[in-house]
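Written below as structure tokens is the structure these notes are about.
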Amino acid sequence: MGTNERAKIVMTPAEVADFLQRSRTATVASIGPGGMPHVVAMWYGLIGDAVYIETKSKSQKAVNLRRDPRMVFMIEAGDSYDTLRGVSLEGTGTIIEEADGEEYWAAAISVYERYTAPYAQDARPVLELMMNKRIVVKLVPERVRSWDHRKLGLGQMAPMGSTAASIGAE
């Protein structure tokens, strides 16, 4: 039997947590009305083992998750094969619509702090504006997939191909 290359690149739980903490944008997939995946880029918050997104209450992803709560949350990084890494979380999204609930506001604060600044009570009006007509979706992963090609020890590879010149150009 051959060597299990997949096992070599799996991240430890601590590496997964660190990757989620340090990353900025996730790809979130839900199931559209015709069964086609609906995929969007989202900012997110973290509380314990759960990831949270906030979205308009009538957004397509919210409509999809009300109908079928299965979702996938993925983050990836790397510009060459030797640096590819990522985490994919699969599970059931729980919609939190109660704007007066503690978890709702804790999730909103987590998202706010990741992309704006440390939260202080004087920022409450900004947070309330941010969350106007929004719901929170909580995902506690039922399955975690991860990969980190840096663990393969391939040596540094330069990005190549027709898109290499565009890396960092924006």
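Residues: numbered from 1 along the sequence shown.
Looking at every heavy atom in both residues, V136 comes nearest to Y104 through CG2-CD1, 3.7 Å. Of all heavy-atom pairs between A164 and P159, the closest is CB-O, 3.5 Å. Between T83 and R85, the closest heavy-atom pair is O-NH1, 2.6 Å. Pairing each heavy atom of Y52 with each of A107, the nearest pair is CD2-CB, 3.4 Å. Counting all heavy atoms, side chain and backbone alike, I135 lies closest to M131 at O-CE, 4.5 Å. A pairwise comparison of heavy atoms in A62 and I95 identifies O-CD1, 4.0 Å as the closest pair.
Using a 4.5 Å heavy-atom threshold, the side chains of T27 and I75 count as separate. Side-chain contact check for M11 versus V87: some heavy-atom pair is nearer than 4.5 Å. Contact check for I109 versus L127: side-chain heavy atoms found under the 4.5 Å cut-off. Contact of the S88 side chain with the V72 side chain is registered, since non-hydrogen atoms from C-beta on lie closer than 4.5 Å. In this structure, L139 and M71 have side chains that are in contact, with non-hydrogen atoms separated by less than 4.5 Å. Residues I53 and K61 form a side-chain contact, since some pair of their non-hydrogen atoms from C-beta on lies under 4.5 Å apart.
Neither side chain, S57 nor E97, offers a donor N or O lying under 3.5 Å from an acceptor on the other.
Expressed to the nearest 0.5 Å, how far CD of E76 lies from OG1 of T25 amounts to 10.0 Å. To the nearest 0.5 angstrom, R150 atom CZ is 10.0 Å from D82 atom CG.
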Output a table of donor-acceptor pairs, distance under 3.5 Å, between side-chain atoms of residues 28-38 and any protein atom two or more places apart or on a different chain; print 'none' if there are none.
from, atom 1, to, atom 2, distance (Å)
S30, OG, N64, ND2, 3.0

Please report, to 0.1 Å, the donor-acceptor pairs under 3.5 Å made by any side chain of residues 41-49, with sequence neighbours excluded.
from, atom 1, to, atom 2, distance (Å)
Y44, OH, L20, O, 2.6
Y44, OH, S23, O, 3.1
Y44, OH, R114, NH2, 2.9

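For E102, there are no side-chain hydrogen bond (donor to acceptor under 3.5 Å, both in side chains) partners, not counting sequence neighbours. Checked against side chain to side chain contact (heavy atoms under 4.5 Å, CB included), R22 has the following partners two or more places apart in sequence or in another chain: D18. With sequence neighbours left out, the side-chain hydrogen bond (donor to acceptor under 3.5 Å, both in side chains) criterion links K56 to no other residue.
Follow the hydrophobic side-chain contacts under 4.5 Å out from V140 and you never reach V16; the two are in separate clusters. One hydrophobic cluster, built from ILVMFWY side chains closer than 4.5 Å, holds both F73 and V144. Both Y115 and M130 are assigned to one and the same hydrophobic cluster, defined by single-linkage of ILVMFWY side chains at heavy-atom distances under 4.5 Å.
When the shell of 6.0 Å around CZ of R24 is examined, it contains more than 12 heavy atoms from other residues, nucleotides or ligands. Heavy atoms from other residues, nucleotides or ligands lying under 6.0 Å from CD of Q156 number 12 at most.
A salt bridge is absent between R134 and E128: the closest approach of a Lys/Arg side-chain nitrogen to an acidic carboxylate oxygen does not fall below 4.0 angstrom. Taking 4.0 Å as the cut-off between side-chain N and carboxylate O, K151 and E15 count as a salt-bridged pair.
Looking only at distances, no side-chain donor or acceptor of S110 sits under 3.5 Å from a matching main-chain atom of A106. Remark: side-chain polar atoms of E113 are paired, donor with acceptor, to backbone N or O of Y119 under 3.5 angstrom.
Cluster partners of L152, by chain and number: I9, M74, Y81, L84, W147, L154, M157. The rule joins Ile, Leu, Val, Met, Phe, Trp and Tyr whenever side-chain heavy atoms lie under 4.5 Å apart.
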